[in-house]
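Both backbone and side-chain heavy atoms feed into the values below; hydrogens, waters and symmetry mates do not.
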Amino acid sequence: MLDPALLRQHLAVTAERLWAARGLELPVSELEALEAERKAVQVRTQELQANRNRLAKEIGLRKGKGLDASDLLAQSQAIPQQLKGAEEQLATLQERLNAIAMRIPNIPHESVPTGADETGNVEVRRHGTPRNFDFAVRDHVEIGARHGWLDGDSGAKLSGARFTVLRGGVARLHRALAQFMLDVHTGEHGYTEYNVPLLVNQETMQGTGQLPKFEDDLFEVPLGGYRHLAIDGQAQAALRSAIMRDDRDDALALLNGIAGDLGLQTLGRVPAAMWDQMHDSEALVATLHRWLWKRMYLIPTAEVSLTNLVRDEILDGEALPLRLTAHSLCFRAEAGAAGRDTRGMIRQHQFEKVELVQIARPEQSHVQLEEMTGHAENILRRLGLPFRTMLLCSGDMGFAAVKTYDIEVWLPSQGTYREISSCSNCESFQARRMQARFRNAAGKPELVHTLNGSGVAVGRALIAVMENYQNADGSIAVPEALRPYMGGVTRIE
């Protein structure tokens, strides 16, 4: 989330920067109108509070002198209701502003090249030379299919498209890769290993920026079987009446009653966006389902769980940077990726990754980004895989990042490099959402900077090993670094 000061005090400049860097057009007029209204209501709220305090003081003085204060009491009795209305209006306006702000991406760092898409990325370095084969190169699907090592048909039978079953020596190789990566990162790079939840709540997804903008790319897991619950027709009618009257207090009471009858809890007061949706929507029950039942999500990366460990925390500045790593399953619906890389394991709904996260002081974060990128590169060097490192241009970066390096590994079957790791500095963007802070030299809380990267994607590393270490007879040579994890096996026959 951007610093609110950029949207309040420097809106025009911020809009220009986002348009130039990311091709994003901010709703400037809407933001200006909401901010002007928010300021007016805030002034009104402060005036009411000041008037309440003044009247209380004057009433006390009159009573202390034995004088009549009935006129002042009459004035003061009207203030609580007026103040409540102003505070609710202020909260609603702030929610509307936050709803817009939560969908605005980060502003790229000045060192990031300007570009619209991946064609604007810049190669930073390259390591290794692609192998020359004296036989026809097979891709990982062909290699795996010959021996039943990769079984997409069984994956489809069990779960559907973009799932794969691994078998035998390749399943062991996949496990060995993850173990090797964790050992290098914890033993040599100074990371602390974590085992984190795969199911997280809305607040956690919002903290790292997956919500609200990328909800369609996530797997949502509704708890409590709510899809089979029905809401009483009389309760629905009463609620519709309260909504049409724009009576929030009555609507909230009815909602809490509905939740109580079902043995559930609401998410609290009705957010402004949800109120608008209920007011305008014919599908009232579907809208209520979203509000009445707590939703959970499968993580798209362990970055989500690891980074949120510092949410609502004030850290010791001397302990930074923190280095965290986890091997986890990852789940992505990838709603916008239809038709891309549907063959094999390049793009799966379920995959595994060793994630790297760093929590840094602001002045350290860009140095830590270079370090983290080097840690991911070291995995590929140790595996003997050719790769190149790309600095992403402004139009190809992720939502939360100010600067990103992609590491791309060589795939012989495609004759090109494909992404296997992405390392990003998000500066204070995620920390502001999470209220993750540290005490600076002056002892004051200050937002941390957060960084994340793949160290690396296990499935894509498996693909790269299978293709780069394939033999003419269909076997796979085991990279030397992995042999201790394979019981000394040098070849998967």
- Would you call S365 and L451 a side-chain contact if the rule is heavy atoms closer than 4.5 Å? yes
- Return the orientation label for the F399 and F214 ring planes: parallel under 30°, perpendicular over 60°, tilted otherwise. perpendicular
- Just by distance, with hydrogens left out, do D312 and Q435 show a side-chain donor and acceptor under 3.5 Å apart? no
- Query: Parallel under 30°, tilted from 30 to 60°, perpendicular over 60°: which one fits the rings of H189 and Y191?
  - Reply: perpendicular
- Query: Considering residues at least two apart in sequence or located in another chain, which fulfil the side chain to side chain contact (heavy atoms under 4.5 Å, CB included) criterion with R17?
  - Reply: V13, I107
- So, do L306 and E303 sit near enough that their side-chain heavy atoms are less than 4.5 Å apart? no
- Query: Rounded to the nearest 0.5 Å, how far does CG of L482 lie from CG of L383?
  - Reply: 5.5 Å
- Cut-off 3.5 Å, side chains only: do T490 and R483 have a donor facing an acceptor? no
- Compute the ring centroids of H449 and H366, then answer whether they are less than 6.0 Å apart. no
- Item | Pair S475-R491, side-chain donor/acceptor within less than 3.5 Å | yes
- Message: If we count only N and O atoms by modelled type, under 3.5 Å, do the side chains of Y297 and N201 hold a donor and an acceptor together?
- Response: no
- Would you mind reporting whether E419 and R460 have side-chain heavy atoms less than 4.5 Å apart? yes
- Query: So, the side chain of N425 versus the backbone of E427: is there a donor-acceptor pair under 3.5 Å, distance only?
  - Reply: yes
- Item | Atom CD of Q414 with >12 non-hydrogen neighbours under 6.0 angstrom | yes
- Note on the structure: In terms of heavy-atom contacts, L218 and A333 come closest through O-CB, 4.0 Å
- Check: R311/N308 side-chain N/O donor and acceptor closer than 3.5 Å: yes
- Give a yes or no on whether a salt bridge exists between R418 and E408, defined as a side-chain N under 4.0 angstrom from a carboxylate O. no
- Donor-acceptor pair between Q348 and T164 side chains, under 3.5 angstrom: yes
- Task: Please identify each residue that fulfils side chain to side chain contact (heavy atoms under 4.5 Å, CB included) with D316, with sequence neighbours left out.
- Result: E318, A319
Show me the donor-acceptor pairs within less than 3.5 Å that the side chains of residues 128-135 make with the rest of the protein, sequence neighbours left out.
{"from": "R131", "atom 1": "NH1", "to": "N468", "atom 2": "O", "distance (Å)": "2.9"}
{"from": "R131", "atom 1": "NH1", "to": "Q470", "atom 2": "O", "distance (Å)": "3.0"}
{"from": "R131", "atom 1": "NH2", "to": "Q470", "atom 2": "O", "distance (Å)": "3.2"}

- Just by distance, with hydrogens left out, do H127 and E377 show a side-chain donor and acceptor under 3.5 Å apart? no
- Query: Can you tell me if E123 and T389 form a side-chain donor-acceptor pair at under 3.5 Å?
  - Reply: no
- Item | Ring centers of H349, F219 separated by less than 6.0 Å | yes
